[in-house]
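Here the structure is laid out as structure tokens; the discussion comes afterwards.
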Amino acid sequence: MGGSGSRLSKELLAEYQDLTFLTKQEILLGPTGSPACARAHRRFCELLPLERRSMEESLQARVSLEQIFSLPELKANPFRERICRVFSTSPARDSLSFEDFLDLLSVFSDTATPDIKSHYAFRIFDFDDDGTLNREDLSQLVNCLTGEGEDTRLSASEMKQLIDNILEESDIDRDGTINLSEFQHVISRSPDFANSFKIVL
Amino acid sequence: MASVLDVPETPEDQGREPSPYDESEMHQSFHLLIQEQSQGAAEEGLELQPQAPGAGAAGASAGNQQALLGPEGATAHSMATLRILASMPSRTIGRSRGAIISQYYSRTVRLRRRASRPQLRGLGRSARPSLRLYDLELDSTALAEEEKRVLLVKELQGLPVAQRDHVLRGMPLSLAEKRCLREEMRSPSRRPRGRPGLLGCCSRLRYACALASHDLGLGLLSGLQALVPWHYALKRIGGQFGSSVLSYFLFLKTLLAFNALLLLPLLAFLVGVQTAFPPAPQGPVPTFTGLELLTGGGRFTDTVMYYGYYSNATLNQPCADPPDGGQCTPEAASLPYNMPLAYLFTIGAAFFITCFTLVYSMSHSFGESYRVGSALGAHAITVFCSWDHKVTQKRASRLQCDNIRTQLKELLAEWQLRRGHRSACGRLRRAAVLALVWLLCLGITLGCTVAVYTFSEHMIESPVPADREGALLALPLVVCLLNLGAPYLYRGLAALERHDSPVLEVYVAVCRLISERRLGWGKPEFDIARNVLELIYGQTLTWLGVLFSPLLPAVQIIKLLLLFYVKKASLLANCQAPRRPWLASHMRTVFISLLCFPCFLGAAIFLCYAVWQVKPSSLCGPFRSLDSMYEAGKVWVRRLERAGPQVSWLPWVHRYLVENTFPVYLLSALLLAVIYLNIQVVKGQRKVIRLLKEQISNEGEDKIFLINKLHSVYERKERSGAGRTQEGAAPPARPADHRAA
């Protein structure tokens with residue numbers, strides 16, 4: 001284990017590497033040669049104010065969503081707000097702790113199983129958090145994909161047609177919404193999903 | 001006697017859960033769901049009589065005529081109904097921790113018992129109670145989250161350690177919760193339940209071995225990948241341009257690997273040996289001028305680079321070796337090395353290894369990218385799977401948005417087109433245009449081929465004097481010019497083909513919009529198709545030429561290395577990502593298939609023809625004295641036959657398996673049979689998928705029916721409750737059975 005500049009204790013590092021998918025990242029990868037958890041810790045500490053960067057404080061501290069959005073890996077991602085809300089464990093879901101951040105990186109890592117990726121993708125796309133993707137969720141999703149700005153969105157009729165087609169293709173039990181199993185079934189037909197659902201720190 | 005559903009107001013498993021998701025508020029989605037589907041609750045509730053099941057069935061069938069959709073006027077929805085709907089398993093699994101734990105509990109049970117389905121013995125209740133029993137108590141054994149957790153921990157403890165970690169890592173829970181589970185598993189009060197036994201031990205050992213080898217394989221692979229010095233460059237390209245451009249560079253890396261694989265046996269068995277025993281020089285060695293790097297002649301003429309340099313004798317033999325055996329004074333022996341045989345066998349073996357690796361790689365990537373029924377669902381897949389989260393730059397992200405929007409519009413346009421009836425006249429016109437375009441393309445190809453052929457004949461007939469070696473470059477120049485110009489012609493023809501589709505209009509409109517919005521639109525796109533085809537073309541030339549120039553793979557490796565850096569610099573400085581992104585996994589399959597089928601197959605056919613039929617040069621090369629290259633092998637086999645009975649099996653194999661045509665027919669028949677079986681298997685899978693979809697759709701109808709019933713029951717309860725409070729002491733009126741909900 002690299003340890004150049006990492007201040008996480010060995011036991012903690014080992015525990016993180018056991019419980020998340022960040023363990024498989026090779027020590028040779030990355031410009032500094034330290035394991036992914038240590039790199040993540042360093043990046044997280046950079047977001048904290050100077051006086052709270054000690055090891056104990058950094059594990060307890062929580063970072064607001066705006067600060068997480070300033071990370072270059074998330075700055076240009078239209079789903080950044082949903083991603084952070086899904087992984088946040090605070091009651092108001094507006095801040096991330098270091099372990100939430102590790103969870104995020106673990107799910108988006110190279111070696112995470114497609115199963116867990118599709119599970120979290122579903123939660124990210126579920127804008128109203130009700131456990132299914134209904135028409136509003138889908139329309140908000142399409143708006144995120146096509147870009148901000150009024151002239152870049154699809155017209156109302158195109159949106160309606162698109163959502164009808166999506167439901168026709170994926171809603172197997174015909175209840176008007178897409179639940180997790182149906183979503184995972186659609187995802188399993190696309191071998192590119194695991195490749196595109198990745199964030200590299 | 002009617003049985004009434006007794007549904008508790010607040011289901012237990014919601015009360016204690018400190019879930020971050022606030023489930024008690026009224027969700028907008030359920031509001032709409034009830035609106036859409038409550039129209040169907042217009043009939044009376046299902047009344048069960050303790051009679052023969054026939055009446056119950058009749059009652060059920062009467063209730064089946066519900067309307068599935070169609071919004072009704074707003075009615076007051078009971079909080080209780082909505083809360084129950086919120087706790088339906090299909091909804092909670094996507095959202096709440098308790099459901100995840102119970103799902104993983106059942107998965108772990110299946111894993112531990114190695115059964116494909118959970119045993120029915122364990123189920124205390126049935127979801128479809130028999131009407132005979134009218135046993136309609138609801139799930140009173142619903143476990144609280146704490147109990148489910150305890151069960152999960154117990155199950156996990158029964159697994160081997162490696163598998164336990166694997167399952168824990170794959171659970172979609174937060175890190176803190178996983179840590180709690182792990183602590184509970186470690187607590188000494190719980191002993192592992194499973195008795196080791198012989199069978200358990202074996203399976204655990206097997207699993208541990210499999211996991212260890214999997215880890216080792218992954219570790220080796222990522223270690224190897226990390227050794228290649230381009231890892232960081234590739235990450236940067238992927239981040240800036242997306243996965244489709246990255247696939248070109250990955251393909252380049254794959255070609256490097258293929259060439260290295262080809263080069264190794266050639267270096268070891270041909271080039272190395274011949275360099276150690278150089279033949280007598282045939283005249284003065286010309287001086288090195290720079291032109292050799294382009295023409296390959298001059299200084300390079302009589303070197304290991306070419307076929308002519310290799311000797312046709314057995315190297316390291318103490319004396320000259322006449323084929324019919326002569327007298328030789330034995331000297332200090334080192335291993336004799338039959339160069340013609342080595343040449344033949346090494347080239348053959350190198351091609352065989354390349355073929356095997358190519359076919360394996362193609363089938364592997366095909367297996368990863370092909371899914372039964374994957375042609376359907378393009379809209380859903382585009383919306384759910386097309387956002388590439390690796391992209392980190394604002395500009396690239398905006399480009400991705402534009403691409404996805406274009407793709408969605410195209411999908412919708414094509415869907416409209418397919419739905420609309422196309423007249424026979426339109427279809428005929430399209431077919432005619434396609435045929436014309438194909439004929440033109442073939443004509444151009446044929447024209448280029450004939451031109452190159454006549455020009456090369458002309459060049460051969462008028463030999464070039466030694467001091468004007470530059471004229472040798474005329475033919476390559478003509479070929480390069482043709483290669484440059486022909487693709488533009490083809491692209492023009494392709495535009496003609498698409499001219500009448502609405503997709504093109506969408507395209508033009510979107511491009512115009514984007515170009516009006518953005519000022520700097522002058523950057524060209526990175527043309528993936530063209531670059532990949534150039535790579536494949538270069539590799540085909542290498543394979544075609546390796547028989548006569550064993551060091552050609554080394555030249556190709558140097559060229560690929562240079563090409564990587566040149567293309568990378570050009571991409572980063574000049575290009576933008578393509579407007580129509582391709583699916584990366586399909587691309588890899590397509591590239592490798594193109595490499596295998598037209599190119600490698602063609603080169604292999606050429607090689608076979610050259611080895612079997614063409615008379616080798618009688619002035620130079622390892623086969624000077626033979627009628628065909630294959631004869632070297634035949635001569636050797638004959639010598640073996642004469643050598644004695646100890647090696648008699650080899651000539652037998654040669655006569656009956658290699659020279660006989662029957663084994664070839666047998667192998668082809670077997671191959672056809674295997675292909676046919678696979679096609680049938682896929683057909684069967686498609687049928688099964690269709691049946692399962694119908695079944696799920698039926699279950700969905702059941703679900704809607706039950707929701708309607710639930711809603712009508714609650715309506716009745718509320719109304720009777722309201723009636724009671726209004727009328728005070730008056731006995732509650734029995735709600736009319738025929739009243740609409």
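Convention: sequence-line order gives letters A, B, ...; per-chain numbering from 1. Reckoned from all heavy atoms, side chains included, excluding hydrogens, waters and symmetry mates.
With respect to chain B, the highest number of heavy-atom pairs below 4.5 Å among A:V107, A:T113, A:L145, A:I83 belongs to A:L145. When each of A:I116, A:N165, A:D103 is scored by its heavy-atom pairs under 4.5 Å with chain B, the top score falls to A:N165.
With a 4.5 Å cut-off on non-hydrogen atoms, A:L74 does not touch chain B at all. In this structure, the portion of A:L141 lying under 4.5 Å from any heavy atom of chain B is its side chain and not its backbone. In this structure, chain B has a heavy atom under 4.5 Å from the side chain of A:I178, while its backbone stays farther away. Looking at A:Y120, the atoms closer than 4.5 Å to chain B (heavy atoms on both sides) all sit in the side chain, from C-beta outward. At a 4.5 Å heavy-atom cutoff, A:S106 makes no contact with chain B through either its backbone or its side chain. Looking at A:V186, the atoms closer than 4.5 Å to chain B (heavy atoms on both sides) sit in the backbone and in the side chain alike. Residue contact with chain B, scored on non-hydrogen atoms closer than 4.5 Å, involves the backbone and the side chain of A:K198 alike.
The residues A:E81 and A:R85 are annotated as salt-bridged, a charged nitrogen and a carboxylate oxygen being separated by less than 4.0 angstrom. Taking the charged nitrogens against the carboxylate oxygens, B:R179 and A:E15 do have a contact shorter than 4.0 Å, which makes a salt bridge. Electrostatic pairing of A:R135 and A:D164 counts as a salt bridge here, judged by a charged N lying under 4.0 Å from a carboxylate O.
Ring pair A:F101/A:F87: centre-to-centre distance not below 6.0 Å. In this structure, A:F193 has its ring center no closer than 6.0 Å to that of B:F384.
A cation-pi contact, defined as under 6.0 Å to the ring centre and within 45° of the axis, is absent between A:R82 and A:F125.
For a heavy-atom cut-off of 4.5 Å, chain B lies close to A:I166, A:E169, A:S170, A:I172, A:D173 in residues 166-173 of chain A.
Every residue meeting the salt bridge (charged side-chain N to carboxylate O under 4.0 Å, His left out) condition with A:D100, not counting sequence neighbours, appears here in chain and number order: A:R62. With sequence neighbours left out, the side-chain contact (heavy atoms from CB on, under 4.5 Å) criterion links A:S64 to A:E66, A:Q67. Taking B:Q695 as the reference, nothing meets the side-chain hydrogen bond (donor to acceptor under 3.5 Å, both in side chains) condition, with sequence neighbours excluded.
In this model, a donor atom of one side chain and an acceptor atom of the other lie less than 3.5 Å apart for B:T589 and B:S365.
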